Trainee: 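Supplied in structure tokens, the structure appears directly below.
If you're wondering where the values come from, they're calculated on a predicted model, not measured in any experiment. All values below were derived from every heavy atom in this structure, side-chain atoms included, with hydrogens, water molecules and symmetry-related copies excluded.
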Amino acid sequence: MHSDYKNCLARAAKLSVESIFLESGIDVNMLKKQTTDLAGQMAECEANYARVMKLMPDMASVSLREFWVQLPAQQRAHFRLEVLERCAYTTIMEFSQLESSFAGQLDWAPAPHFTLRVYHDARMAEVSAFHGNHRLRSNYDYPNKSMFQRDEKAQLNKLLGQWLKHCVNFGHVDQPLSCL
């Protein structure tokens, strides 16, 4: 018994911590610290600011902009950008899909509903809430109670960017823009 214990200790000393976890079936990637790509996230927020300003260039004086996006097969999606609060350097707004002609076909994919903080001095726009999930952190331990991804906020900012880009490229406004 004593020699088995010594052999086990000797074997454990030779193995790296990573190989011990691999032998036990634990995913080593789950144990690694999340690194944040700050430059990439800032670039995404800057691009989102530019997209928001293209969709609502008169944000300082207008509180609501509704538009629609043409989809394949003569389908449409209706969107709204709404200013909730204005401060000296920051605007809080919502970007949401109101309705679409394909809503019943995609019950598994809820319509997007983002709350944004638009920082005019820094020329950045970031997601501050998504579908009512407030206080988004820049990174999460994984797994976690809410099953957020490690980089949930970065992914939401990218998703916002994709929606805004699609709206900029394919959106139509029924009311004229006053400042263009």
Side-chain angles (χ1 to χ4, degrees), residues 34-140 148-180:
Q34 172 72 26
T35 57
T36 302
D37 177 14
L38 186 58
Q41 288 184 26
M42 290 177 69
E44 186 69 41
C45 291
E46 289 170 353
N48 286 345
Y49 179 85
R51 294 173 186 130
V52 166
M53 295 311 291
K54 280 186 179 182
L55 291 168
M56 199 168 184
D58 48 359
M59 184 188 309
S61 59
V62 173
S63 295
L64 183 68
R65 170 76 24 85
E66 292 186 0
F67 49 93
W68 54 272
V69 176
Q70 186 67 45
L71 300 171
Q74 303 301 318
Q75 296 176 339
R76 287 182 167 196
H78 186 208
F79 290 90
R80 173 184 288 161
L81 267 172
E82 182 176 10
V83 174
L84 303 177
E85 182 180 334
R86 284 188 183 94
C87 297
Y89 302 104
T90 305
T91 301
I92 298 173
M93 61 189 323
E94 284 186 348
F95 172 71
S96 56
Q97 181 181 335
L98 302 177
E99 60 185 52
S100 70
S101 58
F102 64 91
Q105 298 171 16
L106 295 177
D107 293 335
W108 53 270
H113 185 90
F114 297 91
T115 302
L116 315 176
R117 286 189 182 272
V118 180
Y119 304 104
H120 300 288
D121 54 342
R123 302 181 67 80
M124 300 175 114
E126 72 168 341
V127 176
S128 60
F130 182 69
H131 290 284
N133 292 324
H134 296 276
R135 291 186 230 124
L136 294 169
R137 296 180 3 213
S138 60
N139 58 36
Y140 292 89
F148 288 137
Q149 295 296 314
R150 287 177 183 253
D151 60 344
E152 186 81 12
K153 189 165 188 176
Q155 289 187 35
L156 288 172
N157 280 312
K158 285 181 184 177
L159 178 63
L160 171 68
Q162 291 170 346
W163 273 110
L164 291 173
K165 184 178 179 182
H166 188 74
C167 290
V168 166
N169 292 336
F170 303 105
H172 302 275
V173 179
D174 291 329
Q175 70 235 43
L177 298 176
S178 60
C179 68
L180 291 180

Trainee: Using side-chain heavy atoms (C-beta onward) and a distance below 4.5 Å, is Gln97 in contact with His113?
Mentor: no
Trainee: Using 0.5 Å steps for rounding, measure from the CZ atom of Arg51 to the NE2 atom of His166.
Mentor: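 The NE2 atom of His166 is 13.0 Å from CZ of Arg51, to the nearest 0.5 Å.
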Trainee: Closer than 4.0 angstrom, basic N to acidic O: yes or no for Arg117 and Glu85?
Mentor: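 No salt bridge links Arg117 with Glu85.
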Trainee: Is any side-chain heavy atom of Arg65 less than 4.5 Å from a side-chain heavy atom of Asp58?
Mentor: yes
Trainee: With ring centroids as reference points, do Phe114 and Trp163 lie under 6.0 angstrom apart?
Mentor: no
Trainee: So do the side chains of Leu55 and Phe79 get within less than 4.5 Å of each other, counting heavy atoms only?
Mentor: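 No, too far: nothing below the 4.5 Å cut-off.
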Trainee: What class does the angle between the rings of His120 and Tyr49 fall in, given that below 30° is parallel, 30 to 60° is tilted and above 60° is perpendicular?
Mentor: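 Taking Tyr49 first and then His120, their aromatic rings stand perpendicular (interplane angle over 60°).
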Trainee: Between Phe95 and Cys167, is any pair of side-chain heavy atoms under 4.5 Å apart?
Mentor: yes
Trainee: Which atom names give the shortest non-hydrogen contact between Glu44 and Gly161, and what distance separates them?
Mentor: OE2-CA, 3.7 Å
Trainee: Distance check, rounded to the nearest 0.5 Å: Lys158 atom NZ versus Gln41 atom CD?
Mentor: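 One gets 8.0 Å once the value is rounded to the nearest 0.5 Å.
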Trainee: Under 6.0 Å between ring centres, would you say that holds for His78 and Trp68?
Mentor: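 No; Trp68 has its ring centre 6.0 Å or more from that of His78.
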Trainee: Rounded to the nearest 0.5 Å, how far does CD of Glu126 lie from CG of Leu156?
Mentor: 11.0 Å
Trainee: Roughly how far, to the nearest 0.5 Å, is CD of Glu82 from OG1 of Thr115?
Mentor: 10.5 Å
Trainee: Say whether, by atom type as modelled, one donor and one acceptor occur between the side chain of Asn48 and the main chain of Asn157 under 3.5 angstrom.
Mentor: yes
Trainee: Looking only at heavy atoms, what is the nearest atom pair of Arg86 and Ser61, with distance?
Mentor: NH2-C, 4.0 Å
Trainee: Where do Met124 and Glu46 come nearest, in terms of heavy atoms and distance?
Mentor: CG-CG, 3.9 Å
Trainee: Side chains of Arg76 and His172: does their closest heavy-atom pair fall under 4.5 Å?
Mentor: no
Trainee: Distance from Leu164 atom CG to Leu81 atom CG, nearest 0.5 Å?
Mentor: 7.0 Å
Trainee: Does Val83 offer a backbone N or O that forms a donor-acceptor pair with the side chain of Ser63 under 3.5 Å?
Mentor: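 Flag not set: sc Ser63 to bb Val83 has no pair under 3.5 Å.
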